[in-house]
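What follows is one structure encoded as structure tokens, with my remarks underneath.
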There are 2 protein chains.
Amino acid sequence: MSNKAQTVERCDCTVIHEEVVNRVMGRMPEEERLYDLAELFKVFGDSTRIKILWALFESEMCVCDIAYLLNMTQSAISHQLRVLKQTKLVKNRKEGKIVFYSLEDEHIKQIFDQGMIHISEDK
Amino acid sequence: MSNKAQTVERCDCTVIHEEVVNRVMGRMPEEERLYDLAELFKVFGDSTRIKILWALFESEMCVCDIAYLLNMTQSAISHQLRVLKQTKLVKNRKEGKIVFYSLEDEHIKQIFDQGMIHISEDK
DNA sequence: ATAACATATGAACAGTTGCTCATACAATCA
DNA sequence: TGATTGTATGAGCAACTGTTCATATGTTAT
């Protein structure tokens with residue numbers, strides 16, 4: 001509605017192709033959804049977390065094993081697992097003092113596979 | 001090979017499930033590919049860049065129009081377009097003083113769609 | 001030429017991120 | 001009980017990121 005009025009002052013140049021802008025504006029997803037999408041990708045945008053998730057594609061693992069596998073500190077892994085848990089990408093299960101982490105949603109693999117395809121297409 | 005020897009000193013705890021670790025280790029993609037994947041997602045991990053790309057799904061646009069559409073500074077958009085160009089996600093075409101940006105690879109949309117599906121599944 | 005406009009770019013700054021280190025917590029075992 | 005082991009967590013920090021601001025570049029119009 002008054003989207004246009006809101007946006008005028010920030011852009012320091014003239015709108016050149018108003019029809020295009022209006023059409024695209026009408027087809028953009030909600031601001032909040034795009035923000036959430038960016039937040040999801042932000043979580044994927046760290047190689048430690050990518051490695052953890054990829055490891056969990058194969059099997060549930062405890063913190064110690066993941067740390068060993070990735071050649072990293074238990075603390076570093078634990079911190080990252082917390083991030084992954086907060087964003088509902090992994091869940092955990094306790095067995096004595098050992099905590100096993102696994103994927104919350106196997107769907108993630110498809111996103112990674114799509115990403116891999118993109119990377120492979122680069123020359 | 002000597003992967004195991006290499007990694008021993010960093011992990012400050014005992015490996016508990018050696019069979020699991022070894023199996024997973026054997027099935028992990030190359031370090032570099034996982035790094036590249038993280039780099040790709042890192043680019044997607046910013047809502048400004050997500051918005052720009054989503055806009056370009058619809059139509060090629062010039063810098064000014066994108067800035068207006070997203071209610072942001074021309075400079076901010078220009079900086080982000082540079083990032084997207086460097087990572088080969090967008091290309092541009094010059095027409096007089098106007099520079100039109102468009103997607104380098106329509107494939108990206110599929111990654112975004114997968115991400116959107118994941119977000120929607122959250123309660 | 002000079003002015004106007006679209007875009008690019010470098011410096012600077014605030015905010016964020018991922019790790020380390022020390023330590024706390026929790027479960028098991030002696 | 002105390003010692004050991006697996007995990008979690010807070011503080012601190014160096015590195016990075018995204019924006020703003022000022023200015024440069026390049027094109028068109030007068």
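Order of the sequence lines sets the chain letters (A, B, ...), proteins ahead of strands, with each chain counted from 1.
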- prompt: If each of A:Gly96 and A:Ile77 is mapped to the nucleotide of DNA chain C with the nearest heavy atom, which maps nearer the 5' terminus, i.e. the 5' end?
  reply: A:Ile77
message: Pick the closest DNA chain C nucleotide for A:Gln80 and for B:Ala76 by heavy atoms, then say which residue is nearer the 5' end.
response: B:Ala76
Nearest to the side chain of [X] - [options]?
X       : options                : value
A:Thr48 : D:dT19, D:dG26, C:dC19 : C:dC19
A:Lys97 : C:dA27, C:dG18, D:dT7  : C:dA27
B:Cys64 : D:dT19, C:dC19, C:dT7  : C:dT7
B:Lys42 : D:dG6, D:dT27, D:dT17  : D:dT17
A:Arg82 : D:dT9, C:dC5, D:dT19   : D:dT9

Atom [atom1] of [X] to atom [atom2] of [N]: distance rounded to whole Å?
X       : N      : atom1 : atom2 : value
B:Glu95 : D:dT27 : CD    : C1'   : 13 Å
A:Asn92 : D:dA8  : CG    : P     : 7 Å
B:Asp65 : C:dA6  : CG    : P     : 10 Å
A:Arg93 : D:dT7  : CZ    : P     : 12 Å
B:Phe41 : C:dT17 : CZ    : C1'   : 19 Å
B:Asp46 : D:dT19 : CG    : C1'   : 10 Å
A:Arg49 : C:dT17 : CZ    : P     : 8 Å
B:Lys94 : D:dT28 : NZ    : P     : 9 Å

Test for a donor-acceptor pair under 3.5 Å between the base of [N] and the side chain of [X], counting only N and O atoms.
X       : N      : answer
B:Gln74 : C:dA6  : no
A:Ser75 : C:dC21 : yes
A:His79 : D:dT7  : no

field: Distance (rounded to the nearest 0.5 Å) between A:Phe57 CZ and B:Met28 CE
entry: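 A:Phe57 CZ to B:Met28 CE: 9.5 Å, rounded to 0.5 Å.
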query: Does B:Ser78 make a side-chain N or O approach to OP1 or OP2 of C:dT7 shorter than 4.0 Å?
result: no
query: What nucleic acid atoms does A:Tyr101 come within less than 4.0 Å of, heavy atoms only: base, sugar-phosphate, or nothing?
result: sugar-phosphate
If every non-hydrogen atom of [X] is compared with every non-hydrogen atom of [Y], which pair is closest and at what distance?
X        : Y       : answer
A:Arg49  : A:Val83 : CD-CG1, 4.0 Å
B:Leu103 : B:Lys91 : O-NZ, 3.0 Å
A:Leu56  : A:Ile66 : CD2-CD1, 4.3 Å

field: 5′-ward residue of the pair B:Glu39/A:Leu81 relative to DNA chain D
entry: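 Checking each residue's closest nucleotide, the 5'-ward one belongs to A:Leu81.
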message: Tell me if the centroids of the rings in A:Phe112 and A:His107 come within less than 6.0 Å of each other.
response: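 No: the rings miss the under 6.0 Å criterion.
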N-O pairing of A:Glu31 and A:Arg33 below 4.0 Å: no
